[in-house]
Amino acid sequence: MLALQQKRAFRPQTVPAYSARKYIEQLQKKYPDYSYREATLNPTNPVDRATAWEADIVNWYRNNNEEKELIGVRSTATGPAMYLSRPIKITNPACLTCHGAPSTAPPTMIDSYGSANGFGWKQGEVVGAQIVTVPMSVPLERAKNTFFVFIGALVVVFLLVAILLNIMLEFVIIRPVKVMSRKASEISMGALNVAELEVSGKDEIAQLGRSFNRMHRSLANAVKMLDETDS
Ligand code: HEC
């Protein structure tokens, strides 16, 4: 089917490298700083020719045949960009039908691409590299956002705890102590007949309140006894 089609007219859409490039071109309309390249030293389509820095990566793979991945950062016009690359190695002999010699390639392909480029690839050779480039501003921006969300959440929790603690302090300690201190000043001024404190609960403040009431009563009794002996 494919062979038949190629006899009549070459359909570049059947070539993975072509489809990938066209697809990425669509994506780049929306994300111009992202790129995917099948950078090749001797490409069929000149747009795939490796630029200087891409050629460095391809040659690194050619010199380090076992390496499977190379990641790095390079500076671009729009700031630092991160790249991830993998070698394109000819492992399938079928690739050489179109990339081996012009004489064995589909004539319709030669008609559209010519016979000057993209031939002479060898089995087992690293001919290029797939290179994905992502602007560093994206991960940096994301890291910054995460940082602010985290710090924001921490501040909110901290504030909530502080407010809650203040409310509890107000109701559990400050208010009862204020009442007690008001009563203590009244008693110290001689108002021994004031009503006793209303005490409920079992906590330390309630115990203090009970002790206070006991002291109030003892004081009142003592003063009464003094008065009786006086008279
Ligand atoms: C039917 C013929 C055909 C076969 C088979 C074929 N290719 Fe290609 N290949 C092409 C054409 C045509 C292009 C150029 C596509 C374009 O215009 O983007 C291409 C492009 C490429 C590119 C991009 C660089 C360049 O040359 O422009 C790579 C890499 C590539 N092919 C690798 C392979 C590999 C690996 C295989 C085997 C798995 C393979 N090709 C099989 C025809 C073929």
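Ligands are counted one by one from 1 in listed order, and the atoms in each one are counted from 1 as well.
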Asker: With the threshold set at under 4.0 angstrom, would you say Ala94 reaches ligand 1 through any of its heavy atoms?
Answerer: yes
Asker: So, regarding Tyr113 and ligand 1 (criterion: nitrogen or oxygen to nitrogen or oxygen, under 3.5 Å), is there a contact or not?
Answerer: yes
Asker: Heavy atoms only: which of Cys98, Pro43, Ala105, Cys95 lies closest to atom 3 (C) of ligand 1?
Answerer: Cys98
Asker: Asn65 versus Lys89: any side-chain heavy-atom pair under 4.5 Å?
Answerer: yes
Asker: Under 3.5 Å between any N/O of Thr44 and any N/O of ligand 1: does that happen in this structure?
Answerer: yes
Asker: For atom CG of Asn145, decide whether the heavy atoms of other residues, nucleotides or ligands shown that lie under 6.0 angstrom number more than 12.
Answerer: yes
Asker: Going by distance alone, is a donor N or O of one side chain under 3.5 Å from an acceptor N or O of the other, for Tyr34 and Gln28?
Answerer: no
Asker: Checking Ser85 against Tyr61 for the side chain to side chain donor-acceptor pair (under 3.5 Å) test, could you report, in this order, the C-alpha distance in whole Å, the side-chain angles of both residues, the deciding distance, and whether it holds?
Answerer: CA-CA 10 Å; Ser85 68; Tyr61 282 121; 2.8 Å; yes
Asker: Given 3.5 Å as the limit, does a donor-acceptor pair link the side chain of Arg49 with the main chain of Leu41, or not?
Answerer: yes
Asker: Backbone or side chain, does any N or O of Arg21 fall under 3.5 Å from an N or O of ligand 1?
Answerer: yes
Asker: Considering non-hydrogen atoms only, spot the tightest contact between His216 and Glu196 and give its length.
Answerer: ND1-CG, 4.3 Å
Asker: Run the numbers for me: atoms of ligand 1, each under 4.0 Å from some heavy atom of Ile88, listed by number.
Answerer: 29 (C)
Asker: Quick one: look at Trp121 and ligand 1, take heavy-atom pairs under 4.0 Å, and tell me if it's side chain, backbone, both or neither.
Answerer: side chain
Asker: Distance-only, no hydrogens or angles: does the Trp121 side chain make a donor-acceptor pair with backbone N or O of Asn42 under 3.5 Å?
Answerer: yes
Asker: Asn45 to ligand 1: N or O pair under 3.5 Å?
Answerer: yes
Asker: Test your reading of the structure: does Asp48 have an N or O sitting under 3.5 Å from an N or O of ligand 1?
Answerer: yes
Asker: Can you list the steps and then say if Asn117 with Thr44 is a side-chain contact (heavy atoms from CB on, under 4.5 Å)?
Answerer: CA-CA 5 Å; Asn117 294 309; Thr44 315; 5.8 Å; no
Asker: Between His99 and atom 8 (Fe) of ligand 1, is there a contact where an N/O/S atom of the residue lies under 2.8 Å from the metal?
Answerer: yes
Asker: For ligand 1, which atoms sit closer than 4.0 Å to a heavy atom of Ala17?
Answerer: 20 (C), 21 (C), 22 (C), 23 (C), 28 (C), 31 (N)
